[in-house]
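For reference, the structure is listed below as structure tokens.
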Amino acid sequence: MPESRPAYYVTTPIYYVNDRPHIGHAYCTILADVLRRYHSMFGCETFFLTGVDEHGQKVEEAAKKRGLTPQQHCDEMQAHFRDLWPTLDISNDDFIRTTEPRHERVVKQALQQLFDSGDIYKGEYEGFYSQRVEKFFTEDELIDGKCPETGGEVQRIVEANYFFRMSRYQQRLIDHINANPDFIRPESRKNEVLGFLRKPLQDLCISRPKSRLSWGIELPFDSDYVTYVWFDALLNYVSVIGLFHDDPRFRKWWAVSTHLIGKDILTTHSVYWTTMLFALGLDMPRHIIAHGWWLVDNTKMSKSLGNVINPLAMRDKYGVDSLRYFLMREMVVGLDSDFSEESFLKRHNFELANDLGNLANRLVGFAAKQMGGVIPAPGTGSGHAADAEVMAMAAELPARVRGHVESLRVETAIETVMNFVRRLNRYVAETEPFKVIKTDPAAAGGAVYIALEGLRIALNLLWPVMPKKVENLLGALGGNSVVGYFDDLKWGGLVPGTALNLPEPPFPRFELPEFETRPAEAPAKADKAVADRANAAGGAKAEKAAGSQPSDGSSGAVASEHATFDDFLKIKLLVGTVLTAEPVPGSDKLLKLSVDLGEPAPRQIVAGIGDRFPVEKVPGSQVTVVANLKPRKVFGIMSEGMILAATDENGLSLIAPSGTPRKPGTRVG
RNA sequence: GGCGAAGUAGCUCAGUUGGUCAGAGCAGGCGGCUCAUAUCCGCCGUGUCGGGGGUUCAAAUCCCUCCUUCGCCA
């Protein structure tokens, strides 16, 4: 047996080639990169895979629209992802495109194997086809026998198709999830999957006749069909690492695989993919980790709301390292987080500039002035009790960081390091080398050495998060480089006498723009008299009274009875024209509306008016829409606004402009 | 409607298996230092741990119930 190192294999989803990268893609890929880099520092041999999904109807359509072949279209579009990653310091080992021969042959072989074993069978797919949206619907999805999206006519079509016997593996999957508590993380997602599995699984239709979709991988046993997207896409995780072609390589990586996914593709990975693997006689991946979404103003990003965060813009404005730091520091893996430039800048200024950057800058600046610009000799330290404390903290820091990373608490790992950085700043204040230098240069040198060495260790531990910046900084600290392994991160790596060279502060502060005036500031600054009176009265109570001046009219018990004019202005009321309306299945009064608000795309709005208002009378009506309500799901359908209506015992009327119809998007108020 | 998760200081959130768990950061106030990026360090928080009930010697931490928010339901 050759010497074996532990291994670690991490994947991102393959992103849909038609998409433009947004902050969510960047987050997932950076997270994968950070995990890969940490694990390599833990001593693991690592493999990191990302890529793009290139097949499917939408790609075919988009290409057609542009007058290109689908392949030409993909060749062009995939660059949006492939070229982005190096600029975010992503260290992926491979980049898979599902149109590559190395992938297609594995998909075909997998299909053939499942066909031969009877897990893929030909059956009848009964669907209802809507000419208008060129889509199939199941009987359950139809609404009164009409298309659920347009309310239009549908044709019942019985079409031969191939099915995967997913149902056969349901119990095995449930058992595996129960036996491996950290298989699907976080736990709430695991529960979600188990809940889903309480109902019997249907078999999965995995083919499309070429007459309807030709842009896909042909079934090896029936050239009239291509395989449908998921079956193709999911296999990327194993095709790249050698399934069917390089067994030792495949086994090595597959046994240690971690899939990072967005919560929107949880079922696909936890149910479709896992049952496919069972059927193929392969092991489960080690972990499936569903991360959360970046929200903007606590609202999901969407094109129609125009609030999509472009990672390139953030990188260009603030630098790749700050961007990576923020994304990793701010989000708890598995939960949603809010993205705002304000919180970004606060993290940058407080943690990177004030704490970390300033520590480097003050130490190097001091050494340059007082110590000949070189790393001083450690001697016997500063003679201060804090020496031992700092060195003990530094000694146990790698293990603590490793523990947090291994339990996916990346943000806690970072926080742990930053707490140590704060301890180092305190250490400098305690030992006061800038004073001590006048009386005891050796002790001052000892203090600076300890602080610098602590900084070196902290920087190494942050390398996976900010590789470029850390490498540069370590270079500035006496020409050091990143240690390969946590095990090598021992105290005393800095060589006394080597030159320090930090020409400028490593993390310049960014000016914080005025984001919004804070009510708390008003009494302190604008109303000194109130504050003084409060202080004179003494105690926390008085302070509280001063602090609760309802300067914006929205806080304080007194104001709660009335809405102020400002409150009213927060509600954006717009005139809209209803384009389509259809009942929501399973509900007796909800209607799904498509409403023109004069925006590029119509809004989808779910309204509870169906029991009082005939659905066929709604299209064409004008309505008043609350346009800036936070979008929410109603009965599983996203609703992007609210329709105003008045209901009493005589029925319901829509609240809308009377007389001449108004242009969609006209402001009401 | 079914299933699941969450509700902790002004803000963002930590709080393993019930017993220094009532905390951190930010914001605010006061003070100190000057090596440093108007940076750093120290001090200052009586918040019904969503409401109510229960179990226990002991609950933010377990149980019940209600309210609110969020997620999933191919």
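Chain letters run A, B, ... following the sequence lines, proteins first, then strands; residues in each count from 1. All values below come from the heavy atoms of this structure, side chains included, with hydrogens, waters and symmetry mates left out. For clarity, every value in this text was computed on a predicted model and none was experimentally measured.
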Provide the distance between the two [atom1] atoms, one in [N] and one in [M], to the nearest whole Å.
{"N": "C41(B)", "M": "A60(B)", "atom1": "C1'", "result": "33 Å"}
{"N": "A9(B)", "M": "A27(B)", "atom1": "C1'", "result": "12 Å"}
{"N": "G51(B)", "M": "G4(B)", "atom1": "C1'", "result": "22 Å"}
{"N": "G45(B)", "M": "U8(B)", "atom1": "C1'", "result": "14 Å"}
{"N": "A22(B)", "M": "A58(B)", "atom1": "C1'", "result": "15 Å"}
{"N": "G29(B)", "M": "U65(B)", "atom1": "C1'", "result": "43 Å"}
{"N": "C73(B)", "M": "U46(B)", "atom1": "C1'", "result": "45 Å"}
{"N": "C66(B)", "M": "A6(B)", "atom1": "C1'", "result": "16 Å"}

Item to check | Quiz item: cation-pi between R347(A) and F326(A), 6.0 Å / 45° | outcome: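 Because its charged atom misses either the 6.0 Å distance or the 45° angle limit, R347(A) does not stack over F326(A).
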Checklist entry - Quick one: is the NZ or CZ of K190(A) closer than 6.0 Å to the six-membered ring centre of F183(A), and within 45° of its axis? => result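 Not flagged: K190(A) not positioned over aromatic ring of F183(A).
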Checklist entry - Within a reach of under 6.0 Å around OH of Y228(A), are more than 12 heavy atoms found that belong to other residues, nucleotides or ligands? => result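 Count not over threshold, so no.
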Give the nucleotide from the list [options] with an atom nearest to the side chain of [X].
{"X": "F350(A)", "options": "C35(B), A74(B), C26(B)", "result": "C26(B)"}
{"X": "D355(A)", "options": "U37(B), C40(B), A74(B)", "result": "C40(B)"}
{"X": "K369(A)", "options": "C35(B), C41(B), C73(B)", "result": "C35(B)"}
{"X": "E192(A)", "options": "G71(B), C73(B), A36(B)", "result": "G71(B)"}
{"X": "K199(A)", "options": "A74(B), C73(B), C40(B)", "result": "C73(B)"}

Nearest whole angstrom, please: distance from the [atom2] of [N] to the [atom1] of [X].
{"X": "F326(A)", "N": "U12(B)", "atom1": "CZ", "atom2": "C1'", "result": "11 Å"}
{"X": "L359(A)", "N": "C35(B)", "atom1": "CG", "atom2": "P", "result": "16 Å"}
{"X": "Y272(A)", "N": "A74(B)", "atom1": "OH", "atom2": "P", "result": "9 Å"}
{"X": "K346(A)", "N": "U12(B)", "atom1": "NZ", "atom2": "P", "result": "11 Å"}
{"X": "E351(A)", "N": "A27(B)", "atom1": "CD", "atom2": "P", "result": "11 Å"}
{"X": "M371(A)", "N": "A36(B)", "atom1": "CE", "atom2": "P", "result": "13 Å"}
{"X": "I414(A)", "N": "U12(B)", "atom1": "CD1", "atom2": "P", "result": "21 Å"}
{"X": "H269(A)", "N": "C72(B)", "atom1": "NE2", "atom2": "C1'", "result": "17 Å"}

Quick one, [X] and [Y] - any side-chain contact, counting heavy atoms below 4.5 Å?
{"X": "V332(A)", "Y": "S337(A)", "value": "no"}
{"X": "L477(A)", "Y": "T498(A)", "value": "no"}
{"X": "D232(A)", "Y": "I206(A)", "value": "no"}
{"X": "I437(A)", "Y": "M371(A)", "value": "yes"}

With sugar-phosphate meaning primed atoms plus P, OP1 and OP2, does [X] contact a base, only sugar-phosphate, or nothing at under 4.0 Å between heavy atoms?
{"X": "P200(A)", "answer": "base"}
{"X": "N425(A)", "answer": "sugar-phosphate"}
{"X": "I437(A)", "answer": "nothing"}
{"X": "G195(A)", "answer": "nothing"}
{"X": "P506(A)", "answer": "base"}

Next on the checklist: Please verify the inter-ring angle class for F510(A) with H348(A); under 30° counts as parallel, over 60° as perpendicular, anything in between as tilted.
Outcome noted: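 Aromatic pair F510(A)/H348(A) classed tilted.
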Next on the checklist: Which label fits Y169(A) and F278(A): parallel for a plane angle under 30°, tilted from 30 to 60°, or perpendicular past 60°?
Outcome noted: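 Parallel.
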For [N], does either OP1 or OP2 sit under 4.0 Å from a side-chain N or O belonging to [X]?
{"X": "R422(A)", "N": "C40(B)", "answer": "no"}
{"X": "N354(A)", "N": "U39(B)", "answer": "no"}
{"X": "R362(A)", "N": "U34(B)", "answer": "no"}
{"X": "R409(A)", "N": "G15(B)", "answer": "yes"}
{"X": "N191(A)", "N": "C3(B)", "answer": "no"}

Pairs of donor and acceptor atoms involving the side chains of residues 423-430 of chain A, under 3.5 Å and at least two apart or interchain, shall be tabulated with distances.
unit_1, atom_1, unit_2, atom_2, d
R423(A), NE, E389(A), OE2, 3.1
R423(A), NH1, E430(A), OE1, 3.4
R423(A), NH2, E389(A), OE1, 3.1
R423(A), NH2, E430(A), OE1, 3.3
N425(A), OD1, R362(A), NH1, 2.9
N425(A), ND2, D355(A), O, 3.2
Y427(A), OH, D387(A), OD1, 2.6

Next on the checklist: So is the aromatic ring of F434(A) stacked onto the base of C35(B), judging by whether the centres are under 5.5 Å apart and the planes are under 30° apart?
Outcome noted: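 Stacking between F434(A) and C35(B): present.
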Item to check | Most 5' of L352(A) and V332(A) on RNA chain B, judged by nearest nucleotide | outcome: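 Upstream on the strand: V332(A).
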Checklist entry - When the nearest nucleotide of RNA chain B is assigned to N361(A) and to Q202(A) on a heavy-atom basis, which residue is associated with the more 5' position? => result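 With N361(A) and Q202(A) compared, the 5'-side residue is N361(A).
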Checklist outcome for this item: A correct dot-bracket answer for RNA chain B, with pairs being Watson-Crick or G-U at under 3.5 Å, [ ] for crossing pairs and | for inter-strand pairs, is (((((((..((((.........)))).(((((.......))))).....(((((.......)))))))))))).
Checklist entry - Roughly how far, to the nearest 0.5 Å, is CG of L459(A) from CZ of R456(A)? => result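 Reported value, rounded in 0.5 Å steps: 9.5 Å.
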Atom pairs under 3.5 Å, N or O on each side, protein against nucleotides 61-63 of chain B: can you list them with distances?
none

Item to check | Any donor-acceptor N/O pair, N161(A) side chain to Y125(A) backbone, under 3.5 Å | outcome: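 Absent.
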